[in-house]
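Notes for the one structure printed next.
Each residue takes its place number in the sequence, starting with 1. Because the structure is predicted, anything quoted here is derived from the model rather than measured.
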Amino acid sequence: MMLPPHDMGPESENQSFDVVVIGGGINGAASAAALSHAGLRVLVCDKADFASQASGNSSMFIWGGIKYLQQREWRLVTQLCHSRNRLLHRLGYAVKPIAFDLLLGQRASPPAWQVWLGAWLYWVFGRGETRPPGKLPFAWLKKHFSHIGPLRGYSAIRYFDAFLPQGDSRFVWQFLHRAKEQGAQLCNYTEVVAGEYLNEGWRLTLANHRDSNAPPRRVQCQLIINATGGWSDSVSQCLELTNPNQLLLSKGVHLILPKFLALDDVVAFLAEDARLFYVIPFGKYCCVGTTDTREDEPQVNVTERDRQFILQQINRFFVLPEPMKPKDIIAERVAVRPLVREAAQGDENQDWFNLSRKHLIHSEPDKGAFTIMGGKLSDCLTVAEDLTSQVCGFLKAKQQHYFLADEQWIAPHNLEAIYEHFRHQCRRFGLDALPCHTPQHSWVETLWQRYGPKAQDVLLYLKENQELETLFDLQLLVAEVAFMRDQEMVTCVEDVLRRRTQLALMFRAEDLVQHPDILRCETILFSEVVGALE
């Protein structure tokens, strides 16, 4: 069952915008927030749900790319660290610091002194905004890793980066909310199926994938932004755009497994092919990965070979009481990372493992089009600001002005005041005394982490219902589900379980089907639809 289509605005044909952003991943979402803050009329559309591909299936890191130091990508590391620092300052409710413990001692490991020096260099590139790195004592290794066998020759270096405790999809929604507040229109399950560029701009045809009976919509715009990640080549082909740069697709797979390390740090070690492998804390579970498999198509699935590879790395490095088996897998995440090889690089046989995730914006001024290639969660601010600068330069005839220096396009300046008001309102509703799913968290902190300034709107739903009903196993308030339905463009239950929350990663699929909290969630989402059908 699906909810009715969300209204795109006035029903008039040939609705007009300054910019249409195609793709609702992190690049499209952040760009929409910046462009709408610049005073442009923006439409964001995605043929599936927002953050349903790479932006919602990542390692959930906001990091400066320490591994790029090996490739001497000094400028990229500096840029990523700067972006990470800004996100920690401006979106500190959603982006949190975390320790990375890198275990050394395998045959392929570099010397510990090199890693120690690299970690300090990384800290310097980050302008000392995180806690300084250091070597962990042998007693720490014995305490936490005695089960990996003899520890002679092993060492561990700790450095610091950031991650997204509420998940990458929610991080994307922070920017979509901001774009919407500043006037942007959002349309998920809406695909650009045709387009024609004339002298006055683009005429686009949009198909609604929520309602097969809905007629196509047509809109006009001056510019289009192709922010479709792994699908950018096919979208360019559909709209007859050209791009001399080459897009390479790398499949990344993560498995959710029972937690086997008593740590809340990210533990990193080297896989058999000498690439970094991560064990990421995930509540009572851990998220393990990732693979790096070259693909020809952007739509991918987890294969048996992927599962065996990840389990093999865990069982090879950690001597567990019982080896991890396929039956231990709780859930899976998979997507392709779009890597870009610039036309100037030329060599098609270049080792693609050494390609970084740096972004590139290809412009076609004669067609009013921009294509964002590459990029990652950590880099979203730079991508959005670079693009907005180019777009406003293109539209200079309209004398558009953009003000990004104040960073209010990321979040309001008065976040601290908003949070204090939110806490006061929570006390009035009794939320601060309501038992939460984890003892170290409260509902006040959980809602603020999930929604930031929009958490106040969730309280409006609480006020309307006048009750603190919880879906305890799902770690959700009933008011949150109603908020997602009305304010976050939820179309089906999977949108809630997979993208507005991380619930699909915390339960086996078969356990979710008849879970009473899921049935209650469906009732909240679809009761009005059922009533209308009856």
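The shortest distance between side-chain heavy atoms of L276 and L102 falls below 4.5 Å. In this structure, the side chains of I62 and D161 stay at 4.5 Å or more apart for every pair of heavy atoms. Using a 4.5 Å heavy-atom cutoff, the side chains of W231 and Q53 are in contact. Residues C287 and Y285 fail the side-chain proximity criterion, which asks for heavy atoms closer than 4.5 Å. In this structure, the side chains of L476 and L503 come closer than 4.5 Å at one or more pairs of heavy atoms. Using a 4.5 Å heavy-atom cutoff, the side chains of L80 and K376 are in contact. Residues P244 and H362 meet the side-chain proximity criterion, which asks for heavy atoms closer than 4.5 Å. Contact check for Y451 versus D457: no side-chain heavy atoms found under the 4.5 Å cut-off.
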Original post:
Given L103 and F145, is the side-chain contact (heavy atoms from CB on, under 4.5 Å) satisfied, shown in steps?
Top reply: CA-CA 10 Å; L103 304 184; F145 295 99; 3.7 Å; yes

Original post:
Please walk me through it: do W448 and Y419 pass ring-ring contact (aromatic ring centres under 6.0 Å, His included)?
Top reply: CA-CA 8 Å; W448 185 251; Y419 176 60; 5.0 Å; yes

Subject >> Check against side-chain contact (heavy atoms from CB on, under 4.5 Å), C81 and R127 >> reply: CA-CA 8 Å; C81 285; R127 301 179 183 180; over 6 Å; no

Original post:
Could you walk me through whether R500 and D49 pass the salt bridge (Lys or Arg N to Asp or Glu O under 4.0 Å) check?
Top reply: CA-CA 10 Å; R500 306 304 179 273; D49 190 21; 2.8 Å; yes

Subject >> Check against side-chain hydrogen bond (donor to acceptor under 3.5 Å, both in side chains), Q408 and H37 >> reply: CA-CA 8 Å; Q408 290 212 61; H37 184 70; over 6 Å; no

**OP:** Any chance you could lay out the side-chain contact (heavy atoms from CB on, under 4.5 Å) test for M373 and L247, step after step, and finish with the verdict?
**Re:** CA-CA 8 Å; M373 305 181 73; L247 192 69; 3.7 Å; yes

Original post:
Should V20 and V42 be marked as a side-chain contact (heavy atoms from CB on, under 4.5 Å) after you check the CA-CA gap, both sets of side-chain angles, and the distance that decides it?
Top reply: CA-CA 6 Å; V20 171; V42 178; over 6 Å; no

Original post:
Step by step, would you call D168 with R333 a salt bridge (Lys or Arg N to Asp or Glu O under 4.0 Å)?
Top reply: CA-CA 12 Å; D168 38 18; R333 317 184 88 203; 3.1 Å; yes

Original post:
Between H359 and D386, does a side-chain hydrogen bond (donor to acceptor under 3.5 Å, both in side chains) hold up when you go through it step by step?
Top reply: CA-CA 10 Å; H359 77 274; D386 285 355; 3.1 Å; yes

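One distance of note links CG of N414 with NE2 of H421; it measures 11.5 Å at 0.5 Å rounding. Distance check: I280 CD1 to C286 SG gives 9.0 Å after rounding to the nearest 0.5 Å. The structure places CG of L377 at 9.0 Å from OG of S59, a figure rounded to the nearest 0.5 Å. One finds the CG atom of L223 at 8.0 Å from the CG atom of D18 (value rounded to the nearest 0.5 Å). In this structure, OG in S58 is found 7.0 Å from CG in L164, a value given to the nearest 0.5 Å. To the nearest 0.5 angstrom, L248 atom CG is 11.0 Å from N245 atom CG.
For the salt bridge (charged side-chain N to carboxylate O under 4.0 Å, His left out) test with E480, the passing option among R450, R170, K454 is R450; the others fail. Among F269, F318, F317, the single residue meeting the ring pair (Phe, Tyr, Trp, His ring centres under 6.0 Å) criterion with F277 is F269. Checked against L431 for a side chain to side chain contact (heavy atoms under 4.5 Å, CB included), the options V458, T446, L447 give a single hit: L447.
The heavy-atom pair separating A162 from V95 by the smallest distance is CB-CG1, 3.8 Å. Closest approach of R316 to L270, counting heavy atoms only: NH2-O, 2.8 Å. Across every non-hydrogen atom of V383 and S31, the tightest pair is CG1-OG, 4.4 Å. Residues L141 and A156 approach most closely at CD2-CB, 4.1 Å, considering heavy atoms. When all heavy atoms of S55 and V172 are compared, the closest pair comes out as CB-CG2, 4.0 Å. The shortest non-hydrogen separation linking Q390 to S363 is OE1-CB, 4.1 Å.
Between W140 and H144, the ring planes are tilted. Angles from 30° to 60° get that label. Ring planes of W63 and F61: perpendicular class, angle over 60° (limits at 30 and 60°).
A donor-acceptor distance shorter than 3.5 angstrom exists from the side chain of S83 to the backbone of S378, with no hydrogens or angles considered. Side-chain atoms of S52 do not come within 3.5 Å of backbone N or O of A48 as any donor-acceptor pair. Distance alone, capped at 3.5 Å, places no donor-acceptor pair between the R499 side chain and the A51 backbone. The backbone N or O of G126 sits less than 3.5 Å from a side-chain atom of N85, completing a donor-acceptor pair. K142 places no side-chain N or O within 3.5 Å of a backbone atom of F138 that could act as its donor or acceptor partner. Side chain of W409 to main chain of L35: no donor-acceptor pair is present (N/O by atom type, distance under 3.5 Å, no hydrogens or angles). Of the possible donor and acceptor atoms, none in the side chain of Y159 sits under 3.5 Å from a partner among the backbone N and O of I66. Remark: side-chain polar atoms of Q487 are not paired, donor with acceptor, to backbone N or O of F483 under 3.5 angstrom. Looking at S36, its side chain does come within 3.5 Å of a backbone N or O of A32 through a donor-acceptor pair. The backbone N or O of D46 sits nowhere less than 3.5 Å from a side-chain atom of N188 that would complete a donor-acceptor pair.
The 12-atom threshold is exceeded at NZ of K259, counting heavy atoms of other residues, nucleotides or ligands nearer than 6.0 Å. Atom CD of E181 is surrounded by more than 12 heavy atoms from other residues, nucleotides or ligands within 6.0 Å. Remark: R427 CZ is packed, more than 12 non-hydrogen atoms of other residues, nucleotides or ligands lying under 6.0 Å away. Within a 6.0 Å sphere centred on CH2 of W113, heavy atoms belonging to other residues, nucleotides or ligands number 12 at most.
Checked for salt-bridge contact, D306 and K251 meet the test: a charged N lies under 4.0 Å from a carboxylate O. Here R337 does not pair with E295 in a salt bridge; the nearest charged N to carboxylate O distance is not below 4.0 Å.
For H89 and E129, the side-chain atoms include at least one donor-acceptor pair closer than 3.5 Å. No hydrogens or angles considered: a donor-acceptor pair under 3.5 Å links the side chains of D379 and Q79. If you check the side chains of E332 and H254, you find no donor sitting under 3.5 Å from an acceptor.
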